[in-house]
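Worksheet: one structure, shown below.
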Amino acid sequence: LILTSHYTVENLEDARAKIQYLKVMKNIALKNVNPAAFKSAMKQEFTNYSGEKYLDMTAGMFYK
C-alpha cells in the first residue's frame with residue numbers, strides 16, 4: 001500500500017499511473033510557453049480530467 005494524501009487506499013498500480021501522469025505533465029509543460037497553452041494541452045491529453053483548480057495551481061507554479 002502507498003501512503004498518500006487521499007482518503008482511499010492506493011496500491012502500486014495507482015502509484016504507477018500517477019508517475020506516468022506526472023511524466024506526461026512534465027513533457028507538456030516543457031513544450032508550452034504559458035499557462036493557457038499548458039492547460040489546453042493537458043485538457044486535450046486527459047479529456048476526462050476534472051481537477052480544474054489543481055490544473056490552475058499547477059500552471060501557476062510552472063509559469064511564473
Could you list the donor-acceptor pairs under 3.5 angstrom formed between side-chain atoms of residues 24-35 and any protein atom two or more places apart in sequence or on another chain?
unit_1	atom_1	unit_2	atom_2	d
Asn27	ND2	Lys23	O	3.4
Asn32	ND2	Ile28	O	2.6
Asn34	OD1	Ala36	N	3.1
Asn34	OD1	Ala37	N	2.8

Open item on the list: Considering only residues two or more places apart or on different chains, which pairs with a residue in residues 40-51 satisfy side-chain hydrogen bond (donor to acceptor under 3.5 Å, both in side chains)?
Closed with: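 For residues 40-51: Lys43-Glu52.
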
Show me, pair by pair, the donor-acceptor contacts under 3.5 angstrom made by side chains of residues 53-61, not counting sequence neighbours?
unit_1	atom_1	unit_2	atom_2	d
Asp56	OD1	Lys39	NZ	2.5
Thr58	OG1	Tyr54	O	2.9

- [ ] Please round to the nearest 0.5 Å and tell me the distance separating atom CD1 of Ile19 and atom CG of Leu22.
- [x] 7.5 Å

